[in-house]
4 protein chains.
Amino acid sequence: MNKKQNLIDAAIRLFADQGFEGTSTIQLSRAAGVTEPLIYYHFEGKDDLLRHVLKLIFNRYFKRLDEVDVLSGKEFQKIKRLISFHLDMVQKSPREISLISNGCPLKFSDPENICKKSLEKQREYLTEILSGCLKKGIAAGEFKDVPVEWTVELILALIVGLIRQRNLYAENIPAMRDAAVEFCRRSLLIDG
Amino acid sequence: MNKKQNLIDAAIRLFADQGFEGTSTIQLSRAAGVTEPLIYYHFEGKDDLLRHVLKLIFNRYFKRLDEVDVLSGKEFQKIKRLISFHLDMVQKSPREISLISNGCPLKFSDPENICKKSLEKQREYLTEILSGCLKKGIAAGEFKDVPVEWTVELILALIVGLIRQRNLYAENIPAMRDAAVEFCRRSLLIDG
Amino acid sequence: MNKKQNLIDAAIRLFADQGFEGTSTIQLSRAAGVTEPLIYYHFEGKDDLLRHVLKLIFNRYFKRLDEVDVLSGKEFQKIKRLISFHLDMVQKSPREISLISNGCPLKFSDPENICKKSLEKQREYLTEILSGCLKKGIAAGEFKDVPVEWTVELILALIVGLIRQRNLYAENIPAMRDAAVEFCRRSLLIDG
Amino acid sequence: MNKKQNLIDAAIRLFADQGFEGTSTIQLSRAAGVTEPLIYYHFEGKDDLLRHVLKLIFNRYFKRLDEVDVLSGKEFQKIKRLISFHLDMVQKSPREISLISNGCPLKFSDPENICKKSLEKQREYLTEILSGCLKKGIAAGEFKDVPVEWTVELILALIVGLIRQRNLYAENIPAMRDAAVEFCRRSLLIDG
DNA sequence: GATGAATGAGTGTTCATTCAT
DNA sequence: TATGAATGAACACTCATTCAT
C-alpha cells in the first residue's frame with residue numbers, strides 16, 4: 001500500500017510539473033522508487049493513474065470546499081471566505097491546484113474526461129453559492145444592484161486568474177488575498 | 001512558402017488543442033499536407049517550430065497591444081481599453097491565446113523557455129501601463145486610494161481568468177467584457 | 001484438487017483455441033477462476049502445464065486406442081474400426097484432438113518436445129497395426145496386392161486430413177466416416 | 001524495396017517455423033537484416049505483415065492452381081494432376097504451405113481472418129472441380145457409382161493429410177504421390 | 001524545395017515468474 | 001493451499017530525426 005501511495009504522490013508531482021504527456025512511466029516509477037510494471041499492477045495504465053489522481057484531488061477539493069462556512073455572517077463575509085479558501089489551497093497544495101487548472105484542459109475535448117465533469121461540478125457549485133450571496137446581498141441592501149449572473153462569472157474568473165498567477169509567479173498570497181477581497185468589497189458593497 | 005505556412009498553421013492548431021508533447025511530428029506534417037522531413041527543412045526541429053510559432057504569436061500580440069490607445073482619455077478609459085483588447089483577442093484568435101496561456105507554462109522551469117521570457121515581458125509591459133494609470137488616476141482624484149501594486153496584480157489576474165473561462169466555456173464575450181469593466185469601475189472610481 | 005482441475009481444463013480449452021504462445025498465464029488463471037501464482041504451485045510453469053496437459057491427453061488417447069479391437073474379425077474390419085475410432089474421438093473431444101494436431105507442431109524442431117515423442121509413438125503404433133492388417137489381408141487374399149508401406153502412410157494421412165477438416169468445418173461425422181470406410185474398402189478389397 | 005522484401009521473406013520463414021505469436025518483431029527485423037521500426041514503415045504492424053504475407057502466398061497458390069490443366073484428358077487424369085500439384089507445391093515451398101495449413105487456423109474464430117476466406121475459396125474451387133470430375137466420370141462409365149459429395153470431401157482430406165504428414169515427417173514425396181494416385185485409382189475407376 | 005527510406009532511443013504495456021505471508 | 005504484491009525481461013510500437021536523392 002506504501003508503494004501505491006508513492007506512485008500516486010509521484011504522479012501528482014510529475015504530472016503537475018511536466019504535464020501528462022511530458023511524463024513517462026519510467027520517470028513515474030523511478031520517482032516513486034518502484035519498478036515500472038507496478039504501475040500496471042495497481043492501475044490499468046498511465047491514463048488510469050491520471051484519472052485516479054484527478055479523482056483524488058477533486059474529492060479532496062470538494063470535501064474542503066464543503067467545509068467552508070457559506071451560511072453564517074453577512075453575504076460579503078461568505079464571498080470573502082470563498083476567495084480566501086481558494087488562495088489558501090493554492091498556497092498549501094499548489095501542485096494539486098496546478099494539475100486541476102493546467103493539466104486537465106488539454107484533453108478537454110474528450111467528453112469522458114473526469115476533469116471536465118469535475119470542473120463543471122465545481123463551476124455549478126460555486127455559481128450557485130455566489131448567486132445566492134449576491135441576490136440576498138442586493139435584496140438586503142448590502143450590495144449594489146449589480147447584474148448577478150455576470151458578476152458571478154467575474155468573481156470566478158478572478159479566483160481562477162489569481163490561482164494561475166500565483167502558480168506562475170509564486171507571489172505573496174496573503175497580500176493578494178486581501179487586495180482581492182478589498183477590490184471586491186469596493187465594487188460590491190454599498191458602503192464599500 | 002505555402003507549405004511552410006501550412007506547417008505553422010497546423011502547429012498553432014495542434015499545439016493549442018493537444019499540447020506540445022501531445023502532438024507528434026507526423027500529425028503535424030499530415031495536418032499540414034506535407035511530409036515529415038519538410039519540418040526539418042524549414043525548422044531545426046519540433047522545438048524550433050514551437051519557438052517559431054510562439055515568437056510569431058507574441059509578436060502579433062505585442063504589435064496589437066502597441067496599437068491600443070493608452071495615452072488619450074481618462075485613466076479608466078485606458079484600463080477599459082486594455083481589458084477590452086484582451087477579450088477581443090481571445091474571441092478572434094482563441095487558439096493563439098490558448099497556446100500562450102495554457103500550452104507554455106508546462107515547461108516553465110526551463111529558463112530558456114521563450115514563453116517565460118515573453119510572458120514576463122507581457123507582464124512588465126501591462127504592469128507598467130496599469131501602474132501608471134492607477135497612480136495618475138489616484139493623483140487626479142479619479143480613482144480611490146487603492147494599493148497600486150496589488151491592484152495591478154488583481155487586474156492582471158482578472159484578465160487572465162477571463163481569458164481562461166472564455167477558452168473553456170466559450171461564453172458571451174461582450175457581456176463579460178462589460179461586466180468586467182463595470183466591476184472595475186465601481187471598485188476603482190470615486191464616483192463609480 | 002478442484003482448482004488444479006480447473007486449471008487443466010482451462011489450459012486444454014485455451015491452448016487449443018488460441019495456441020500455447022497466444023495464451024497468457026493471466027488468461028489461464030482467470031479462465032480457471034484462480035490466481036496466477038497457483039499455476040506455479042501446481043506446476044513448474046506454463047511449459048510444464050502444457051506438458052502435463054499433453055501427457056494427459058495422449059494417455060487418454062492411447063488408453064482408448066488400446067481398447068479398439070484390432071484382433072478379431074477380418075482385416076478390413078480392423079482398419080474400419082481404427083478409422084471410426086479417430087472420427088469418434090474428434091467428435092467427442094475436438095479440443096483435445098485439436099491440441100494434438102494443431103497446437104504442438106509449432107515448436108517441433110525442439111527434440112525434447114513431448115508432442116513430437118507422443119506423435120511418433122502414435123505413428124509407430126498405428127503404422128504397426130495397419131502394416132499387420134495389410135500384410136495379413138494381402139496374404140489371405142482379402143486385399144489387393146498394394147504396396148504396404150505407402151498405403152499405410154496414406155491411410156494415416158487420410159485420418160489426419162479427416163480430423164483436420166472436421167475441426168475446421170464441423171462436418172457430418174458419421175457420413176464422412178462411412179464415405180471414408182467405403183473409399184478404402186473399394187481401394188483395398190479384392191471384391192470391393 | 002530490397003529491405004521490404006527481406007522482411008517478407010523473414011516473415012514467411014519465421015511465422016511458418018515458430019508461429020505468429022511465437023515470433024517477435026525484433027526477431028523478424030534481425031532475420032531480415034533491418035531495424036525494428038522499418039516493419040512499421042512498410043506495414044501497419046505485425047498483424048498487417050502477417051496479412052500481407054498470407055495474401056501473397058494465397059495469391060501465388062491460386063495463380064499456380066489456375067495453371068493446373070483440369071480440362072483435357074480423362075477425368076481421373078485431372079484428379080491425378082490436382083493431387084500431384086499439391087504435393088509438388090509442398091515439396092517446393094513447404095514453408096508457404098505450412099503457413100497456410102498450420103499458422104492460420106489458430107486465429108480462425110476471427111471472421112475477418114483472410115486465411116479463413118482464402119481457405120474457403122480454395123475449398124470451393126477444389127470442390128467444384130472435383131465434383132465435376134466425379135460426376136462426369138461416373139456418367140461416362142469411367143468411375144464407379146460413388147457418392148460424389150462425400151468422396152470429394154475425402155479427396156480433400158487426403159490432400160490436406162498428405163501435406164501435413166509431409167510437413168512433419170519430410171517423407172519421400174514422389175513415392176507418396178504415386179501411392180496416393182494409385183489408391184484413388186483403385187477406389188474410383190471401374191477397371192482400377 | 002521536397003521526399004521515400006531508414007534508424008536509435010524511447011514509449012506504454014504485458015510477459016512469465018517469484019516471494020512473503 | 002492459496003494469494004497480494006512485486007519484478008526483470010521482453011513485448012509491439014512510436015518518437016523525433018537523418019540522409020540520399
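Note that the structure is predicted; figures quoted are calculated from it, not measured. To find a chain, count down the sequence lines: A is the first, B the second, and so on, and within it residues start at 1.
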To the nearest Å, how far apart are [X] [atom1] and [N] [atom2]?
X	N	atom1	atom2	answer
D:Leu14	F:dA12	CG	P	12 Å
B:Leu50	F:dA16	CG	C1'	14 Å
D:Gln5	E:dA6	CD	P	13 Å
D:Phe43	F:dA12	CZ	C1'	16 Å
C:Arg30	F:dT3	CZ	C1'	14 Å
B:Gln18	F:dC15	CD	P	11 Å

Checking B:Glu36 against B:Ser29: is there a side-chain donor and acceptor pair closer than 3.5 Å? no
Would you verify whether the NZ or CZ of [X] falls within 45 degrees of the ring axis of [Y] while also being under 6.0 Å from that six-membered ring's centre?
X	Y	result
A:Lys117	A:Phe58	no
C:Lys4	C:Tyr41	no
A:Lys121	A:Phe62	yes

Pair D:Leu99, D:Arg95 - check side chain to side chain contact (heavy atoms under 4.5 Å, CB included), show working. CA-CA 6 Å; D:Leu99 244 183; D:Arg95 280 202 176 99; over 6 Å; no
Which sits closer to the 5' end of DNA chain E, B:Gly33 or D:Val34, going by the nucleotide each is nearest to? B:Gly33
Keeping the roles fixed (side chain from C:Lys46, backbone from C:Thr23), state whether a donor-acceptor pair exists under 3.5 Å.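 Looks like yes, one N/O pair under 3.5 Å.
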Indicate yes or no for a side-chain donor-acceptor contact from C:Gln27 to the backbone of C:Ser24 under 3.5 Å, with no hydrogens or angles considered. yes
Would you kindly compare A:Leu38 and C:Tyr41 by the position of their nearest DNA chain F nucleotide and give the one closer to the 5′ end? C:Tyr41
Can you find a heavy atom in the side chain of A:Tyr61 that is under 4.5 Å from one in the side chain of A:Glu96? no
Do B:Phe15 and B:Leu54 come within less than 4.5 Å of each other through their side chains, counting heavy atoms only? no
Return no unless some side-chain N or O of C:Lys3 is found under 4.0 Å from OP1 or OP2 of F:dT3.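 Answer yes for this pair, as a side-chain N or O of C:Lys3 is under 4.0 Å from OP1 or OP2.
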Looking only at side-chain N and O atoms, does D:His42 come under 4.0 Å of OP1 or OP2 in E:dG4?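 Result: no.
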The dot-bracket string of DNA chain E, counting Watson-Crick and G-U wobble pairs with both distances under 3.5 Å, using [ ] for crossing pairs and | for pairs to another strand, is .||||||||||||||||||||
Using the 3.5 Å cut-off, write out each protein N or O paired with an N or O of nucleotides 11-15 of chain E and the distance between them.
unit_1: E:dG12; atom_1: OP1; unit_2: A:Thr23; atom_2: O; d: 3.3
unit_1: E:dG12; atom_1: OP1; unit_2: A:Lys46; atom_2: NZ; d: 2.9
unit_1: E:dG12; atom_1: OP2; unit_2: A:Thr25; atom_2: N; d: 2.6
unit_1: E:dG12; atom_1: OP2; unit_2: A:Thr25; atom_2: OG1; d: 2.8
unit_1: E:dT13; atom_1: OP2; unit_2: A:Tyr40; atom_2: OH; d: 2.7
unit_1: E:dT13; atom_1: OP2; unit_2: A:Lys46; atom_2: N; d: 2.9
unit_1: E:dT13; atom_1: O5'; unit_2: A:Tyr40; atom_2: OH; d: 3.4

